[in-house]
Amino acid sequence: MSTLKIITAGESVLVCFLPPPAALPKQRRLWAFADAAQTLPHVAEVVTGMNNVTVFARPQADLNNLSDGLYRLWEKTETGDHQGRHVDIPVCYGGEFGEDLAEVAAFHHTTPEEIVRRHTEPAYTVFMVGFQPGFPYLGGLPENLHTPRRAVPRTQVPAGSVGIGGSQTGIYPFASPGGWQIIGRTEIPLFQTASHPPTLLSAGDTVRFVAERICL
């Protein structure tokens with residue numbers, strides 16, 4: 001069983017985390033653990049992150065007792081079978097839409113077309129949503145696509161940009177600074193205030209990228 005560690009991060013916050021690397025079985029167990037922790041009487045809120053769960057205690061809660069209870073809860077928590085929905089994301093790769101596609105291909109000693117093939121082949125799982133509202137951190141990137149972030153981040157990455165950052169891939173819902181390698185762009189909105197929920201993707205959903213075109 002994976003070893004859980006718990007540390008305090010304030011007067012009413014406990015962070016429960018697993019050793020790296022992040023992996024889908026770990027994340028599924030964390031989702032189940034977070035659901036169970038939310039029902040504890042001294043817990044106000046639980047937020048699941050990448051390889052971690054943050055527990056916000058209610059006022060006057062004894063963090064030592066809560067921590068002990070969370071350890072016991074973890075030991076009896078099994079990997080959940082939560083299944084989210086599946087979403088296909090159409091992407092225009094390369095050119096003005098993916099300025100780093102050629103560099104990523106050069107890093108892996110292959111062609112831009114092969115990078116697109118590798119990127120569109122798997123079904124990814126949303127491990128968590130964060131950084132921006134609706135930004136999905138996707139697990140399942142093939143090892144032959146793992147690429148370091150840019151040495152110098154861009155001051156402006158367009159909304160809808162699809163990027164690679166280390167061992168993950170993701171999509172920028174909004175324009176912002178960013179250091180991921182941008183290989184494409186989608187027009188699918190990932191966050192809309194009029195929608196319920198406002199985010200297109202949630203933890204546990206699966207995603208497959210579909211190449212609409214490749215610009216070289």
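We number each residue from 1, following the sequence as shown.
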What side-chain donor-acceptor pairs closer than 3.5 Å can you find for residues 124-143, not counting sequence neighbours?
unit_1 : atom_1 : unit_2 : atom_2 : d
Tyr124 : OH     : His119 : O      : 2.8
Gln132 : OE1    : Phe174 : N      : 3.1
Gln132 : NE2    : Phe174 : O      : 3.3
Gln132 : NE2    : Ser176 : OG     : 2.8

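The closest donor-acceptor contact from the side chain of Asp62 to the backbone of Asn65 lies under 3.5 Å. Side chain of Lys26 to main chain of Pro19: a donor-acceptor pair is present (N/O by atom type, distance under 3.5 Å, no hydrogens or angles). Within the 3.5 Å criterion, the main-chain N or O of Pro90 finds a donor-acceptor partner in the side chain of Thr186. Between the side chain of Arg185 and the backbone N or O of Glu96 there is at least one donor-acceptor pair closer than 3.5 Å. Of the possible donor and acceptor atoms, one in the side chain of Gln181 sits under 3.5 Å from a partner among the backbone N and O of Pro148. When atom types are taken as modelled, the side chain of Thr147 and the backbone of Leu145 share a donor-acceptor pair closer than 3.5 angstrom. Formation of a donor-acceptor pair under 3.5 Å by the Ser67 side chain with backbone atoms of Leu63 is not found in this model. Panel note: side chain Asp205, backbone Arg85; a donor-acceptor pair is recorded below 3.5 Å. Proximity of a side-chain donor or acceptor of Gln27 to a complementary backbone N or O of Asn51 within less than 3.5 Å is detected. When atom types are taken as modelled, the side chain of Asn52 and the backbone of Phe17 share no donor-acceptor pair closer than 3.5 angstrom.
Residue Pro112 comes nearest to Ala105 through the heavy atom pair N-CB, 3.6 Å, listed as atom of the first residue, atom of the second, then distance. Closest of all the heavy-atom pairs between Ala151 and Pro153 is O-CD, 3.8 Å. Between Tyr71 and Ile6, the shortest heavy-atom contact is OH-N, 3.1 Å.
Listed by first and then second residue, the salt bridge (Lys or Arg N to Asp or Glu O under 4.0 Å) pairs that reach into residues 113-131 are Glu114-Arg117, Glu114-Arg118, Arg117-Glu121, sequence neighbours excluded. Counting only residues at least two apart or on different chains, the ring-ring contact (aromatic ring centres under 6.0 Å, His included) pairs with a member in residues 32-63 are Phe33-Trp74.
Rounded to the nearest 0.5 angstrom, Ser161 OG and Arg154 CZ are separated by 8.5 Å. Atom CG in Leu101 sits 7.0 Å away from atom CD1 in Ile115 (nearest 0.5 Å). Phe191 CZ to Ile171 CD1: the interatomic distance, rounded to the nearest 0.5 Å, is 15.0 Å. Here Ile183 contributes atom CD1 and Cys92 contributes atom SG; the two are 12.5 Å apart, rounded to the nearest 0.5 Å. Rounded to the nearest 0.5 Å, atoms CG (Leu4) and CD (Glu75) are 8.5 Å apart. With rounding to the nearest 0.5 angstrom, the CG atom of Asp68 is 9.0 Å from the CG atom of Leu70.
When only modelled atom types and interatomic distance are considered, Asn144 and His146 share no side-chain donor-acceptor pair under 3.5 Å.
The pair Asp100-Arg149 does not count as a salt bridge, with every side-chain nitrogen at least 4.0 angstrom from each carboxylate oxygen.
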